[in-house]
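Okay, so here's the structure we're looking at.
When a ligand or atom number is given, it counts from 1 through the structure's own listing order. None of the values given here were measured: they were computed from a predicted structure.
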Amino acid sequence: EGRWFAVRVAPLGSHGLVLVLAEDLTEMRRVEAIRRDFVANVSHELKTPVGALALLAETVEGAADDPEAVRRFAGRMQHESVRLTSLVQDLMTLSRVQGDEPLPDLRPVSLDEVVVEALDRGHVKAGAKGIELATGGEDGLKVRGDADLLITALRNLIDNAVAYSPENTRVVVTTRQCDDGYAEINVTDQGIGIPAEDLERIFERFYRVDPARSRQTGGTGLGLAIVKHVTTKHDGEVTVWSKEGSGSTFTIRLPLLHPPAGRQTPHSQTA
Ligand code: ADP
């Protein structure tokens, strides 16, 4: 690896003295490399559905006198369009939450509402696999935040729990008030689990344990990166516990809007 420096030499006055300025470029180069990788990844991910669409359009043209084939190819075109749309949507969400600026318009948000809204769409996918979606825990917890972003984050965790679980299992979403002034939302599945060596990396953009499986389930590879940035922007965090072959629990922790007396969270201090 090594470190990189930019060195500038400037003469100082007329006595032959020189000023040597050394600037450490290591971090700048690292950030630049990450940005380049990301752009390369995005381009690659966009190319796949766009290429498939072009090819399908050509094939449909050639099959004009075979209505059954046309229907089949049209279905696959629709599938690729949906994939493209999710990717663009996730990229837009990510660009909203990964910058340094604070989120505008934070309001009191009820976690009950976040859970209900996040589960809404999950029921369809879960139902198709015979997966039971259950909820439980404490009602009435409130945080300060952006409801849409919190719903998106929880939806990503629920979508993953369903996508990476076998048929006829259970996914449970629970809320809890912690002693330290934080609220917790847990999403527990009985799915394939995540190998220990991958746990640290799954929150990176486009990191997938099994790329083939992720594509097959329609994943963009950005879901957990979005969850991480949304929770960080809310002064919270996301953690994961997992055991290969038995399942995973993802936990979102957020500062409570009204922490129990004597407890201070970042929000209650500034309120
Ligand atoms: P993807 O769109 O691929 O699901 P994510 O960012 O949401 O992207 O997740 C990254 C990777 O983490 C997934 O590809 C998968 O390998 C793993 N993963 C996420 N959630 C789960 C889960 N509940 N069970 C098992 N593996 C998971």
* May I ask you to list the atoms of ligand 1 that are less than 4.0 angstrom from any heavy atom of R208? => 3 (O), 14 (O)
* **G223 neighbourhood, listing ligand 1 atoms whose heavy-atom distance to it stays under 4.0 Å** => 5 (P), 6 (O), 7 (O)
* Verify whether one side chain among N186 and T249 offers a donor that lies under 3.5 Å from an acceptor in the other. => no
* Asked: Would you call R208-D198 a salt bridge at under 4.0 Å N-O?
  -> no
* **R96/D146 salt bridge by N-O under 4.0 Å criterion** => yes
* Is there a heavy atom of G191 sitting under 4.0 angstrom from any atom of ligand 1? -> no
* To do: Assess whether side chain to side chain contact (heavy atoms under 4.5 Å, CB included) is satisfied between M77 and L53, documenting all intermediate values.
  => CA-CA 6 Å; M77 288 174 85; L53 275 170; 3.9 Å; yes
* To do: Rounded to the nearest 0.5 Å, what's the gap from CZ on R29 to CD1 on I34? Could you check?
  => 13.5 Å
* Less than 4.0 Å between a side-chain N and a carboxylate O, is that true for E204 and R201? -> yes
* Sub-3.5 Å N/O-N/O distance, I194 and ligand 1 -> no
* Got the closest protein heavy atom to atom 14 (O) of ligand 1, with its distance? -> Y164 OH, 3.2 Å
* **For V227, the option from V238, V97, L154 that meets side chain to side chain contact (heavy atoms under 4.5 Å, CB included)** => V238
* Looking at T220, which atoms of ligand 1 are within less than 4.0 Å of one of its heavy atoms? -> 2 (O)
* Write out the residue and atom name of the closest protein heavy atom to atom 17 (C) of ligand 1, then the distance separating them to 0.1 Å. => V209 CG2, 4.1 Å
* **Interfacing atoms of ligand 1 (cut-off 4.0 Å, heavy-atom, F250)** => 20 (N), 23 (N)
* Looking only at protein heavy atoms, which one is nearest to atom 3 (O) of ligand 1, and how far off is it? -> S214 OG, 2.5 Å
* To do: Give a yes or no on whether a salt bridge exists between R72 and D66, defined as a side-chain N under 4.0 angstrom from a carboxylate O.
  => no
* Relative to Y164, does R213 satisfy both conditions: NZ or CZ under 6.0 angstrom from the six-membered ring centre, and within 45 degrees of the ring's axis? -> no
* **Closest approach of any protein heavy atom to atom 12 (O) of ligand 1, naming residue and atom** => I202 CG2, 3.6 Å
* Asked: What protein heavy atom sits nearest atom 7 (O) of ligand 1, and how far off is it?
  -> N160 ND2, 2.8 Å
* Enumerate the atoms of ligand 1 whose separation from the nearest heavy atom of G221 is less than 4.0 angstrom. => 1 (P), 2 (O), 3 (O), 6 (O), 8 (O)
* State the atoms of ligand 1, each with its element, that fall below the 4.0 Å cut-off from a heavy-atom position in Y207. => 10 (C), 11 (C)
* Asked: Between CZ of R176 and CG of D179, what distance do you get to the nearest 0.5 Å?
  -> 7.5 Å
* Structure fact -> Numbered in order shown, the ligand 1 atoms found under 4.0 Å of a heavy atom of L224 are 5 (P), 6 (O), 7 (O), 9 (O), 10 (C), 12 (O), 19 (C)
* Asked: Is it the side chain, the backbone, both or neither of D189 that has a heavy atom closer than 4.0 Å to ligand 1?
  -> side chain
* Asked: Can you list the ligand 1 atoms lying under 4.0 Å from a non-hydrogen atom of S248?
  -> 24 (N)
